[in-house]
Asks: 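Here's a structure for you.
Protein chains get the first letters and strands the later ones, always in sequence-line order, with residue 1 at the start of each. Nothing here was measured: the structure is a model prediction, and the numbers come from that model.
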Number of protein chains: 2
Amino acid sequence: MDRERGHEDSDHLQLRAWLRLLTCTNLIETRVRGGLRETWNITLPRFDLLSQLHRAGDDGLTMGDLSRAMMVSAGNVTGLVEALVGEGLVRRTTSAADRRQSRVRLTQAGKRGFEAMLPEHERWIDEAFAGLDRGDLKRLLELLAKLKQSAKAAERGGKEAA
Amino acid sequence: MDRERGHEDSDHLQLRAWLRLLTCTNLIETRVRGGLRETWNITLPRFDLLSQLHRAGDDGLTMGDLSRAMMVSAGNVTGLVEALVGEGLVRRTTSAADRRQSRVRLTQAGKRGFEAMLPEHERWIDEAFAGLDRGDLKRLLELLAKLKQSAKAAERGGKEAA
DNA sequence: GTTAGATACTTTAGACTTAAAGTATCTCGC
DNA sequence: GCGAGATACTTTAAGTCTAAAGTATCTAAC
């Protein structure tokens, strides 16, 4: 038996990693949120929604697509889309094939507006990660990919209960 | 000149790392939030506040300490503490030395309650990180420490603007 | 001692978020 | 065709969160 082994169970590496992950996310999110508000007077969730639509292209996304992509509840998406429609940044049409669905797209104003914000948004992110070199970034990406898979697996495990 | 170099500027490693970081945080946070609600009918911010007080020990923390530790606004802390006082989990006293300050502590019920939740909370975190071995966890902790410093530096840079 | 400014906290208005219940529509077996 | 159940979305109630303005108290220069 390895004398040192006992210690391994009580150094709480997972918990420490989780807390540090949260701290990093909070720091960066606070920076981005503040920048978006000060520079374009837009909120982070609205920016995020525009971003998903921009990535999706001309066909747009359904409400359900948005909910999954943004990892928020369907009710939340309803409110955000309403707000953005009100601001003229987003357009919403009922699907002809399935009248329960609606399809959400950027308007021209929404596309132009989002593309204007994009470079500075990326600059804020780049600044936050400036202390990491390319090797660090690649290792971090790999570890986070692993964590993402692991967390997804745990999520299912928790729901289905074996 | 390295032909490959040009590509380095446009692979958006930082942005990809940020999005993946957010995904991981969301996944784990959703799991923990759901567990806390289903198992003890408590919210994550309240659990977090109890956690900070538990770590602080018998002297408790001021409202400002809590705000900084939890990385949320002072007004937010006011509401959370009120709720927890109402539930009898937390006690609040005005500081004699400085009557602007108050000091917040766990009640006996709060301490017992929190300590009852602690092991299962840690189990959820352990499960989320189960796919990472000790080496992975140590590398992740290191990279996140670096990122934390970097993000803090960027935060200051953004505010002070040289 | 007064007072100008700083500090600790609260209040307010508005936005975000969720879980749960509700509505409308679709699908599929019969 | 016709339900029964599934699916897409909305509504509601309650909680979280922030920025900004406001209150109370302290500090320090004079």
Side-chain angles (χ1 to χ4, degrees), chain A residues 22 25-27 29-50 60-87 89-90 92-104 159, chain B residues 22 25-27 29-50 60-87 89-90 92-104 159:
Chain A
L22 259 185
T25 300
N26 276 337
L27 279 171
E29 203 170 287
T30 298
R31 170 90 169 91
V32 172
R33 185 194 315 281
L36 288 174
R37 183 179 44 78
E38 287 165 18
T39 313
W40 292 289
N41 196 33
I42 192 177
T43 64
L44 183 50
R46 290 179 197 194
F47 179 86
D48 190 15
L49 201 155
L50 294 181
L61 294 172
T62 66
M63 303 294 277
D65 291 339
L66 281 168
S67 172
R68 280 182 292 278
M70 298 173 69
M71 304 178 83
V72 300
S73 69
N76 194 351
V77 172
T78 299
L80 291 173
V81 167
E82 271 170 13
L84 289 170
V85 167
E87 292 174 13
L89 300 177
V90 142
R92 183 180 175 172
T93 54
T94 308
S95 165
D98 184 341
R99 302 218 319 268
R100 294 170 304 179
Q101 282 188 331
S102 29
R103 197 152 276 278
V104 187
K159 299 263 171 177
Chain B
L22 258 185
T25 301
N26 276 336
L27 280 170
E29 201 171 288
T30 298
R31 170 91 169 88
V32 171
R33 183 195 314 283
L36 288 174
R37 181 178 45 77
E38 288 165 17
T39 314
W40 293 290
N41 196 34
I42 192 178
T43 64
L44 183 50
R46 290 178 197 194
F47 178 86
D48 190 14
L49 199 154
L50 294 181
L61 294 171
T62 65
M63 302 295 274
D65 291 338
L66 281 168
S67 172
R68 278 180 294 276
M70 299 174 67
M71 305 177 81
V72 299
S73 69
N76 193 354
V77 172
T78 299
L80 291 173
V81 167
E82 270 170 14
L84 289 169
V85 167
E87 293 173 13
L89 300 178
V90 144
R92 183 179 175 173
T93 54
T94 308
S95 164
D98 183 342
R99 301 219 318 270
R100 295 168 304 177
Q101 283 189 330
S102 25
R103 197 153 276 277
V104 186
K159 300 261 172 181

Asks: Rounded to the nearest 0.5 Å, how far does CG of B:L22 lie from CD of A:E29?
Replies: 6.0 Å
Asks: By nearest nucleotide on DNA chain D, pick out whichever of B:R99 and B:V77 is the more 5' one.
Replies: B:V77
Asks: Rounded to whole Å, how long is the line connecting atom CD of A:E38 with atom P of D:dT18?
Replies: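 Value for this atom pair: 15 Å.
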Asks: Tell me: CD of A:Q101 to C1' of C:dT23, nearest whole Å?
Replies: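 Value for this atom pair: 16 Å.
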Asks: Could you tell me whether the phosphate oxygens of C:dA15, OP1 or OP2, come under 4.0 Å of any side-chain nitrogen or oxygen in A:R46?
Replies: no
Asks: With heavy atoms under 4.0 Å as the rule, sort B:R68 into base, sugar-phosphate or nothing.
Replies: nothing
Asks: Can a side chain N or O of B:T78 be found less than 4.0 Å away from OP1 or OP2 on C:dT11?
Replies: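 It does not, given that no N or O in the side chain of B:T78 lies less than 4.0 Å from OP1 or OP2 of C:dT11.
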Asks: Atom CD of A:E82 and atom P of D:dT10: how far apart are they, to the nearest Å?
Replies: 7 Å
Asks: Could you check whether B:S67 gets within reach of a base, just the sugar-phosphate, or nothing at all, counting any heavy atom under 4.0 Å?
Replies: nothing
Asks: Would you say the base of D:dT7 and the side-chain of A:R100 have a donor-acceptor pair closer than 3.5 Å?
Replies: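 Indeed, a donor on one side and an acceptor on the other fall under 3.5 Å apart.
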Asks: How many angstroms lie between CG in B:L84 and CD1 in B:I42, if you round to the nearest 0.5 Å?
Replies: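 It comes to 6.5 Å.
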Asks: Just N and O in the side chain of A:N76: are any of them under 4.0 Å from OP1 or OP2 of C:dT18?
Replies: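 So the side-chain polar atoms of A:N76 do come within 4.0 Å of the phosphate oxygens OP1 or OP2 of C:dT18, strictly under.
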Asks: In Å and rounded to the nearest 0.5 Å, what is the CZ to OG1 distance from A:R100 to A:T62?
Replies: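 Rounded to the nearest 0.5 Å, the CZ-OG1 separation comes out at 11.0 Å.
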Asks: Separation of A:R37 atom CZ from C:dA13 atom C1', in whole Å?
Replies: 15 Å
Asks: Just the rounded figure in Å: distance from C1' of D:dG15 to CZ of B:R33.
Replies: 10 Å
Asks: Please report the interatomic distance OG1(A:T93) to CZ(A:R103), rounded to the nearest 0.5 Å.
Replies: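 Answer for the OG1-CZ pair, A:T93 versus A:R103, is 7.5 Å.
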Asks: Find which nucleotide of DNA chain C each of B:T62 and A:P45 is nearest to by heavy atoms, and output the residue with the more 5' nucleotide.
Replies: B:T62
Asks: Which is more 5' along DNA chain D, the nucleotide nearest B:G79 or the one nearest A:G34? Just name the residue.
Replies: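 Comparing both residues, the 5'-ward one is B:G79.
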Asks: On DNA chain C, check which nucleotide each of B:G64 and A:S73 is closest to and give me the residue with the more 5' one.
Replies: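 The residue closer to the strand's 5' end, by nearest nucleotide, is B:G64.
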Asks: Any side-chain heavy atom of A:R31 within less than 4.5 Å of one from A:L27?
Replies: no
Asks: Distance check needed: C:dT17 C1' versus A:M70 CE, whole Å only.
Replies: 11 Å
Asks: Whole angstrom is fine here: how far is it from CG in B:L49 over to C1' in D:dC17?
Replies: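 The distance from CG of B:L49 to C1' of D:dC17 comes to 14 Å, rounded to the nearest Å.
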Asks: Is there a side-chain contact between A:R92 and the phosphate of D:dT10, meaning an N or O under 4.0 Å from OP1 or OP2?
Replies: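 A:R92 to D:dT10 OP1/OP2: side-chain N or O found under 4.0 Å.
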Asks: Using whole Å, what does the distance between atom C1' of nucleotide C:dC16 and atom CG of B:L44 come to?
Replies: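 From B:L44 CG to C:dC16 C1': 16 Å.
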